[in-house]
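Everything below concerns the one structure shown next.
Numbers for residues simply follow the sequence, beginning at 1. If you're wondering where the values come from, they're calculated on a predicted model, not measured in any experiment.
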Amino acid sequence: MTIFMWRILAVIAAALFLTGVITLFAARFLKNKYTHTYTEDKVLRTVKATNSKNTIFLTSGETYKYIRKYVVCKSGTDKYLICNFARKFKRVGYFIVQYTALKRICSVIRVTETDTTLSSRVIALSKRCAYVNVVISYANSAQINSQVIRPLPRWKIRLFAFFKSLAIFAGLFLLRHAVLEIFGGKYMKAFMNSYWNYALVGAGFLFALLGYFITVLCFRRKNAKESNGGAIEYEFV
């Protein structure tokens with residue numbers, strides 16, 4: 001194959017690389033879908049301290065049977081939340097649904113706890129969070145809500161893996177060609193017609209193919225989990 005043909009393939013690879021990257025960012029294949037709409041919880045009271053503001057809310061609906069109250073603590077730019085359980089649980093799971101100032105969901109935290117006290121762990125909130133809803137998922141053996149975060153469909157994961165692998169292969173092809181153009185010199189033509197050149201192209205393809213299968217098989221759907229702190233007792237009464 002002539003150098004001119006390799007250069008045409010490099011241009012095509014550049015176009016495929018840009019297509020793959022732009023599609024990954026624009027299509028947002030891994031964006032979570034949510035089924036919960038904002039519910040305005042009743043404010044029990046607000047306590048202002050020197051460097052913080054703590055607001056206690058009553059939970060709504062089915063959640064109230066398991067989680068009676070929660071406090072949103074604001075200190076400087078930090079925000080965190082602590083729940084007050086109706087009783088102690090062997091195992092309990094719940095969702096912290098966070099909303100922007102426009103009451104649009106910006107994040108959902110899925111929390112799981114075992115052998116609880118009457119207070120939950122400290123749960124860090126997003127800086128974008130302006131409103132919160134606490135939604136019970138399960139308590140001991142009782143399953144209450146499971147679809148606050150909708151699972152990503154398989155076709156979205158596979159499309160994400162395809163465009164990711166396409167961008168990887170095209171990027172590696174383009175990188176290989178750029179290195180040869182810069183450093184190949186008078187040996188460029190001989191190398192491009194050698195088995196080493198084709199081996200590099202094949203290795204890039206196999207790497208991208210392996211990446212596709214790893215993404216599909218081992219992909220863990222994005223669910224906006226955040227690190228939670230240790231247990232803390234908060235006085236709700």
Do you know the tightest heavy-atom contact between [X] and [Y]?
X	Y	result
Cys83	Ile67	CB-CG2, 3.8 Å
Ala170	Ala13	CB-O, 3.3 Å
Val216	Arg158	CG2-CG, 4.2 Å
Ser126	Gln98	N-OE1, 2.7 Å
Met188	Ile3	CE-CG2, 4.0 Å
Thr100	Cys106	CG2-CB, 3.6 Å

Determine, for Phe85 and Arg87, whether the Lys NZ or Arg CZ falls below 6.0 Å from the six-membered ring centre while staying within 45 degrees of the axis.
no

- Task: Answer yes or no on whether Arg7 is positioned over the face of Phe4, meaning its NZ or CZ is under 6.0 Å from the six-membered ring centre and within 45° of the axis.
- Result: no

Applying side chain to side chain donor-acceptor pair (under 3.5 Å) to Tyr80 and not counting sequence neighbours gives none

Trp6/Arg176 under side chain to side chain contact (heavy atoms under 4.5 Å, CB included): CA gap, chis, key distance, verdict: CA-CA 11 Å; Trp6 281 111; Arg176 175 202 57 84; 3.8 Å; yes

Quick note, salt bridge (Lys or Arg N to Asp or Glu O under 4.0 Å) partners involving residues 8-22, not counting sequence neighbours, are none

Please tell me if the side chains of [X] and [Y] come closer than 4.5 Å, counting only heavy atoms from C-beta onward.
X	Y	value
Gln143	Ser137	yes
Val132	Phe57	no
Leu118	Lys88	yes
Val92	Ile136	yes

Chi angles and distances behind the side chain to side chain donor-acceptor pair (under 3.5 Å) call for Tyr94, Glu113
CA-CA 9 Å; Tyr94 50 97; Glu113 298 194 43; 2.6 Å; yes

Original post:
Would Asp41 and Ser60 count as having a side-chain donor-acceptor pair, cut-off 3.5 Å?
Top reply: yes

For Lys74, the salt bridge (Lys or Arg N to Asp or Glu O under 4.0 Å) test, sequence neighbours excluded, returns none

Residues at least two apart in sequence or cross-chain that pass salt bridge (Lys or Arg N to Asp or Glu O under 4.0 Å) with Arg128, listed by chain then number, are none

One should read off an interatomic distance between Met192 CE and Tyr198 OH, to the nearest 0.5 angstrom, of 10.0 Å

Same apolar cluster (I L V M F W Y, side chains within < 4.5 Å links), Tyr99/Val135: yes

Leu180, Leu9: one ILVMFWY side-chain cluster at the under-4.5 Å cut-off?
-> yes

Review item, side-chain donor-acceptor pairs of residues 199-213, under 3.5 Å, at least two apart:
none

- Begin with the C-alpha distance, continue with both residues' side-chain angles, and end with the deciding distance and a verdict on side chain to side chain contact (heavy atoms under 4.5 Å, CB included) for Thr112 and Arg91. CA-CA 7 Å; Thr112 300; Arg91 54 190 295 270; over 6 Å; no

Result for side-chain contact (heavy atoms from CB on, under 4.5 Å) between Val111 and one of Ile96, Leu81, Val134 points to Ile96

message = For Phe29 and Phe160, take the angle between the two ring planes, folded into 0 to 90°, and tell me which bin it lands in: parallel under 30, tilted 30 to 60, perpendicular over 60.
response = perpendicular

Residue set satisfying ring pair (Phe, Tyr, Trp, His ring centres under 6.0 Å) with Phe162, at least two apart, ordered chain then number -> none

